[in-house]
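The structure appears right after this line, and notes come after that.
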Amino acid sequence: MDVYGPVGPSGVPLLWRYGVHRVMGGSGDVQSARYTTLPQAALRLDADPESGGGQDYEILLDVERLNIDSASFRQMEEAARAAGEDLAEGVGRRVVQTVGERGKMHNPVTGSGGMLLGRVRRIGAGLAAGLGAGVSGLAVGERIATLVSLTLTPLRLDARCPVRSVRLESHQLDVNGTAVLFASGAWSRLPEFLPERAALSALDVAGAAPQVGRLVGQKGGGKVLLLGCGGKSGLLTAAAARRAGAQLVIGVEGHEGAARSAERLGACHKVLRVDATDAILLAQEATACAGGEFDLVVSCVNVPGAEMSAILSARDGGTVYFFSMSTCFTAAALGAEGVSKDIDMLVGNGYCKGHAEATLQLLREDDRLREIFVERYG
């Protein structure tokens, strides 16, 4: 066996394919192929573009913009507010601090990150030769959005001017820096029919809509409850659920502006203004509105403590799909056991085959959804 480990289906040695060679403080070293920590779980990554030894299987990007996930951005906003800081400056400072300490944007409180927009500076020789995650046709100088989490993406921000601006409304930061995309990392070109910021916001949650559409199809339509229906993933999943044939879609949104956006979209038959952390009240109002419990409950909320609201609203034999970085899966598992709910609980996977294309197609075909995204995030 090669000292760098066996190769995967792409022909790239596994340590380089998954970026393990950039883990700092891992158990072992790349020469002995004994690393036991993958980049997402690692406390720190080596973000130096010229180190790591795996440049032949990496794409190097000049980073222009970070799109921070909703749970992480909200947490940093609240921390800045509690400290009496200007919100934009406080969020920017925390991002710079986290990236400096960890070599990636991996929020130590929420455990979540986001994704980025960057320009290709270098394509590793191994990838250019046809190995890795499909770089055919990709050229140096192109601008792409990464479809993998910032929690596993080596990231270095410029020491002199790391952050140019912070946009609170879209959860995005314009930055100067570099990032590394591994051979296993998915990416997407930006569509021409959407402003860049709106496209980046949609691609950040691209896995939600196609997976919810698939679940609705598996349920034969049925009744669907969406918690957090007015956010990015909530709006997309509402539209996807209706398109997939859901018989009834009830939305829950505690923020008035977001609730109005969900009502304007028209994908939910009704939008309830209820706090998603109030499990008893939410379950009572939602089930009363639907005439019973739900076949599928989707949680897109960006605050902790909403697990039981989703669980109590699902029927026995139903499914709860947690597409939220605020979810505590220990609370969900023990909570379902505690109320004797025999339900399937699914972890929201940010990736599924064709997810970027499916989400962008949804935005292309749904004029009202596209208008809301452009107004809010563009």
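Contact check for Pro154 versus Phe182: side-chain heavy atoms found under the 4.5 Å cut-off. Side chains of Arg242 and His269 form a contact here, defined as non-hydrogen atoms less than 4.5 Å apart. Residues Val23 and Leu45 meet the side-chain proximity criterion, which asks for heavy atoms closer than 4.5 Å. Under the 4.5 Å side-chain criterion, counting only non-hydrogen atoms from C-beta, Leu127 is not in contact with Leu138. Two residues are said to be in side-chain contact when any heavy atoms from C-beta on lie closer than 4.5 Å; Asp275 and Leu281 fail this criterion. A heavy-atom distance below 4.5 Å is not found between the side chains of Val320 and Asp344. With a 4.5 Å cut-off on side-chain heavy atoms, Asn67 and Leu117 do not count as touching. Counting only heavy atoms from C-beta outward, the side chains of Met76 and Val109 never approach each other to under 4.5 Å.
A continuous path of Ile, Leu, Val, Met, Phe, Trp and Tyr side chains, each step under 4.5 Å between heavy atoms, connects Leu87 with Met105, placing both in one hydrophobic cluster. In this structure, Val205 is not a member of the same hydrophobic cluster as Val252, with clusters built from ILVMFWY side-chain heavy atoms closer than 4.5 Å. Ile68 and Tyr377 fall into different hydrophobic clusters, where Ile, Leu, Val, Met, Phe, Trp and Tyr side chains are chained together by heavy-atom contacts under 4.5 Å. Criterion: ILVMFWY side-chain heavy atoms under 4.5 Å apart, direct or through other members. Under it, Leu227 and Leu296 are not part of a common hydrophobic cluster. Hydrophobic clustering (side-chain heavy atoms under 4.5 Å, transitive across Ile, Leu, Val, Met, Phe, Trp, Tyr) keeps Leu225 apart from Val303.
Leu147 and Ala356 get closest at one heavy-atom pair: CD1-CB, 3.8 Å. When all heavy atoms of Arg376 and Ser261 are compared, the pair lying nearest together is NH2-OG, 2.8 Å. The two atoms that bring Val166 and Phe73 nearest to each other are CG1-CZ, 4.1 Å, heavy atoms only. Between Thr359 and Pro210, the shortest heavy-atom contact is OG1-CD, 3.7 Å. Between Thr237 and Gly234, the shortest heavy-atom contact is OG1-O, 3.1 Å. In this structure, Cys229 and Val271 approach most closely via the heavy-atom pair SG-CG1, 4.0 Å.
Relative ring orientation between Trp16 and Tyr57 is described as parallel, the plane-to-plane angle staying below 30° on a 0-90° scale split at 30° and 60°. Using the six-membered ring where Trp is involved, Phe329 and Phe322 have ring planes that are perpendicular, over 60° apart on the 30 and 60° scheme. Relative orientation of the His355 and Tyr351 rings is perpendicular, given thresholds of 30° and 60° on the angle between their planes.
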| task | Walk me through it: do Glu293 and Lys341 pass the test side chain to side chain contact (heavy atoms under 4.5 Å, CB included)? | result | CA-CA 12 Å; Glu293 295 170 332; Lys341 279 281 187 175; 2.9 Å; yes

| task | Using the side chain to side chain contact (heavy atoms under 4.5 Å, CB included) rule, take Val163 and Leu66 through it: C-alpha gap first, then chi angles, then the decisive distance, then the call. | result | CA-CA 10 Å; Val163 177; Leu66 302 180; over 6 Å; no

| task | Would you check, one step at a time, whether the test side-chain hydrogen bond (donor to acceptor under 3.5 Å, both in side chains) holds for Gln172 with Arg197? | result | CA-CA 8 Å; Gln172 294 177 5; Arg197 294 187 184 279; 3.2 Å; yes

| query | Taking it one step at a time, do Leu203 and Leu360 satisfy side chain to side chain contact (heavy atoms under 4.5 Å, CB included)? | reply | CA-CA 8 Å; Leu203 290 171; Leu360 293 176; 4.1 Å; yes

| request: Decide side chain to side chain contact (heavy atoms under 4.5 Å, CB included) for Leu215 and Val298; before the verdict, give the C-alpha distance in whole Å, the side-chain angles of both, and the deciding distance to 0.1 Å. | output: CA-CA 10 Å; Leu215 289 169; Val298 181; 5.9 Å; no

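At least one donor-acceptor pair closer than 3.5 Å links the side chain of Ser184 to the backbone N or O of Arg17. A donor-acceptor contact shorter than 3.5 Å is absent between the side chain of Asp62 and the backbone of Arg121. Between the side chain of Glu307 and the backbone N or O of Cys328, at least one donor-acceptor pair lies under 3.5 Å. For the pair Gln97 (side chain) and Arg93 (backbone), a donor-acceptor distance under 3.5 Å is absent. With hydrogens and angles disregarded, a donor-acceptor distance shorter than 3.5 Å links the side chain of Asp316 to the backbone of Asp342. Judged by distance alone, with hydrogens and angles left aside, the side-chain atoms of Lys104 form a donor-acceptor pair with the main-chain N or O of Pro39 at under 3.5 Å. Judged by distance alone, with hydrogens and angles left aside, the side-chain atoms of Ser326 form a donor-acceptor pair with the main-chain N or O of Asn302 at under 3.5 Å. The closest donor-acceptor contact from the side chain of Asp56 to the backbone of Gly124 lies at 3.5 Å or more, if one exists at all. Looking only at distances, a side-chain donor or acceptor of Asp295 sits under 3.5 Å from a matching main-chain atom of Lys223. Using a distance-only test at 3.5 Å, with no hydrogens or angles considered, a donor-acceptor pair links the side chain of Arg22 to the main chain of Asp48.
To the nearest 0.5 Å, atom CG of residue Leu152 and atom CG of residue Leu38 are 9.0 Å apart. To the nearest 0.5 angstrom, Arg143 atom CZ is 5.5 Å from Arg119 atom CZ. Atom CZ of Arg164 is separated from atom CG of Asp174 by 5.0 Å, given to the nearest 0.5 angstrom. Rounding to the nearest 0.5 Å places CG of Leu334 at 9.5 Å from CD1 of Ile311. In this structure, Thr319 OG1 and Met345 CE are separated by 10.5 Å, a value rounded to the nearest 0.5 Å. Summarising the geometry, atom CZ belonging to Arg370 is positioned 8.0 Å from atom CG belonging to Leu363; distances are rounded to the nearest 0.5 Å.
Surrounding CD of Glu50 are more than 12 heavy atoms belonging to other residues, nucleotides or ligands, all under 6.0 Å away. The local environment of CG in Leu43 is sparse, with at most 12 non-hydrogen atoms from other residues, nucleotides or ligands closer than 6.0 Å. No more than 12 heavy atoms of other residues, nucleotides or ligands shown are found within 6.0 angstrom of CE on Met325.
Taking 4.0 Å as the cut-off between side-chain N and carboxylate O, Glu77 and Arg81 do not count as a salt-bridged pair. At a threshold of 4.0 Å, the pair Glu263-Arg273 counts as salt-bridged, since one of the basic side-chain nitrogens sits closer than that to a carboxylate oxygen.
Residues Ser112 and Asn107 have side chains that never bring a donor and an acceptor to within less than 3.5 angstrom of each other. In this model, no donor atom of one side chain and acceptor atom of the other lie less than 3.5 Å apart for Glu357 and Gln361.
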